[in-house]
Trainee: 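Would you mind keeping the following structure in view while I ask a few things?
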Amino acid sequence: MIKLGYMNYANIFPIFWNLEQNPDYEFIKGVPSFLNSKLRAGELDASPVSSFEYLNKPDSYYILPSTGICANRKVQSVILFSDYPIEQLDGKKVFRTADSLASINLLKVIFEKFYDIS
């Protein structure tokens, strides 16, 4: 049985719709950070992983040619909720989800590059 990581996200539904028809696959469902850790530990045969997971260990992964989830325009995948304007967050504690390594790092980039916030 081949173990595949599965995220219940609309943007990867087309890929998994066909795979789910094969009885030789076992699907392990979870959020990106969970699947990243399972694949890194060798507990999955294949899985979508975040670009940041790949960048942390590029020699450990093989990228399927012409496959990826990406966008050339604004997708609004990083959402910040705050009682303060973003310009007033410098030095304040910001809580974040553990579900997505990409979202955590993208928020860091937005803070540092666009708002000079640490």
Side-chain angles (χ1 to χ4, degrees):
M1 179 79 55
I2 297 172
K3 291 185 179 183
L4 300 176
Y6 177 89
M7 293 177 228
N8 195 17
Y9 293 171
N11 57 357
I12 60 173
F13 172 79
I15 295 168
F16 283 100
W17 187 84
N18 282 323
L19 294 174
E20 287 178 314
Q21 312 309 313
N22 189 326
D24 295 329
Y25 298 147
E26 177 185 353
F27 294 94
I28 309 301
K29 296 182 181 184
V31 296
S33 59
F34 171 78
L35 296 176
N36 287 348
S37 67
K38 290 289 187 190
L39 189 62
R40 191 180 324 116
E43 297 173 21
L44 296 173
D45 296 302
S47 180
V49 296
S50 70
S51 55
F52 285 92
E53 173 67 17
Y54 173 76
L55 291 172
N56 284 332
K57 298 187 74 79
D59 294 337
S60 298
Y61 299 108
Y62 174 77
I63 297 176
L64 295 175
S66 302
T67 304
I69 300 167
C70 53
N72 291 326
R73 293 187 171 81
K74 183 182 355 177
V75 294
Q76 297 179 323
S77 62
V78 176
I79 301 172
L80 174 68
F81 298 95
S82 175
D83 291 332
Y84 302 96
I86 194 168
E87 297 83 6
Q88 294 178 14
L89 292 177
D90 193 34
K92 290 192 172 37
K93 186 181 287 191
V94 175
F95 295 94
R96 58 188 191 237
T97 180
D99 291 354
S100 172
L101 187 60
S103 292
I104 291 168
N105 283 288
L106 287 170
L107 184 59
K108 286 180 185 178
V109 168
I110 290 167
F111 276 179
E112 292 171 9
K113 296 282 183 187
F114 297 100
Y115 293 96
D116 196 31
I117 293 174
S118 58

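The model shown is predicted, which means the values in this text are computed figures rather than measured ones. Every heavy atom of this structure was used, including side-chain atoms; hydrogens, water molecules and symmetry mates were not.
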Trainee: So, do S118 and D90 sit near enough that their side-chain heavy atoms are less than 4.5 Å apart?
Mentor: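 Side chain of S118 against side chain of D90, heavy atoms only: contact under 4.5 Å found.
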
Trainee: Rounded to the nearest 0.5 Å, how far does CD1 of I28 lie from CD of E43?
Mentor: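 One gets 9.0 Å once the value is rounded to the nearest 0.5 Å.
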
Trainee: Quick one: closest heavy-atom pair of N36 and P48, and the distance?
Mentor: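 Nearest heavy atoms, N36 then P48: OD1-O, 4.2 Å.
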
Trainee: Looking at every non-hydrogen atom in both residues, tell me the closest pair between G30 and L35 and how far apart they are.
Mentor: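 Closest pair (atom of G30, atom of L35, distance): O-CD1, 3.5 Å.
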
Trainee: List in chain and number order the residues that pass side chain to side chain contact (heavy atoms under 4.5 Å, CB included) with K57, two or more places apart in sequence or in another chain; answer none if no residue qualifies.
Mentor: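 Listed in chain order: R40, S60, Y61.
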
Trainee: Do F114 and L106 belong to the same hydrophobic cluster, where Ile, Leu, Val, Met, Phe, Trp and Tyr are linked whenever their side-chain heavy atoms lie under 4.5 Å apart, directly or via other members?
Mentor: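 Same cluster: F114 reaches L106 through Ile, Leu, Val, Met, Phe, Trp or Tyr contacts under 4.5 Å.
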
Trainee: Taking OH in Y25 as the centre, count heavy atoms belonging to other residues, nucleotides or ligands within less than 6.0 Å. Is the count above 12?
Mentor: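 Incorrect, the count does not exceed 12.
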
Trainee: Can you confirm whether D116 is buried at CG, in the sense that more than 12 heavy atoms of other residues, nucleotides or ligands lie under 6.0 Å from that atom?
Mentor: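 Open.
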
Trainee: What distance do K29 atom NZ and F34 atom CZ have between them, rounded to the nearest 0.5 Å?
Mentor: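 K29 NZ to F34 CZ: 12.5 Å, rounded to 0.5 Å.
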
Trainee: Between atom OG of S47 and atom NZ of K3, what is the distance when rounded to the nearest 0.5 Å?
Mentor: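 Here the interatomic distance stands at 13.0 Å.
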
Trainee: Counting only heavy atoms not in K92, do more than 12 sit closer than 6.0 Å to its NZ atom?
Mentor: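 Result for NZ/K92: enclosed.
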
Trainee: Are F111 and V109 connected in a single hydrophobic cluster, I mean Ile/Leu/Val/Met/Phe/Trp/Tyr linked by side-chain heavy atoms less than 4.5 Å apart?
Mentor: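 No, it is not one cluster - the side chains of V109 and F111 are not joined through contacts under 4.5 Å.
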
Trainee: Honestly curious: do W17 and I15 fall in one hydrophobic cluster under the side-chain, below-4.5 Å linking rule?
Mentor: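 Looking at the clustering, I15 is in a separate group from W17.
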
Trainee: Hey, does the side chain of D24 reach the backbone of M1 with a donor-acceptor pair shorter than 3.5 angstrom?
Mentor: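 Checking the backbone N and O of M1 against the side chain of D24, no donor-acceptor pair under 3.5 Å is found.
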
Trainee: To the closest 0.5 Å, what do you measure between CZ (R96) and CG (N105)?
Mentor: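 The CG atom of N105 is 8.5 Å from CZ of R96, to the nearest 0.5 Å.
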
Trainee: Can I110 be reached from I79 by stepping across I, L, V, M, F, W or Y side chains whose heavy atoms are under 4.5 Å apart?
Mentor: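 Unlinked, I79 and I110 end up in two clusters.
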
Trainee: Nearest 0.5 Å please: distance from the OH atom of Y6 over to the CZ atom of F13.
Mentor: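 These two atoms lie 7.0 Å from each other.
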
Trainee: Return the minimal non-hydrogen interatomic distance between L4 and L44, and the atom names on each side.
Mentor: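 Nearest heavy atoms, L4 then L44: C-CD2, 4.2 Å.
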
Trainee: Is M7 reachable from I104 through a run of I, L, V, M, F, W or Y residues, each pair having side-chain heavy atoms under 4.5 Å apart?
Mentor: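 Per the 4.5 Å side-chain linkage, I104 and M7 are not co-clustered.
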
Trainee: Please report the closest heavy-atom contact between E87 and Y115, naming both atoms and the distance.
Mentor: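 That would be OE2-CE2, 3.8 Å.
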
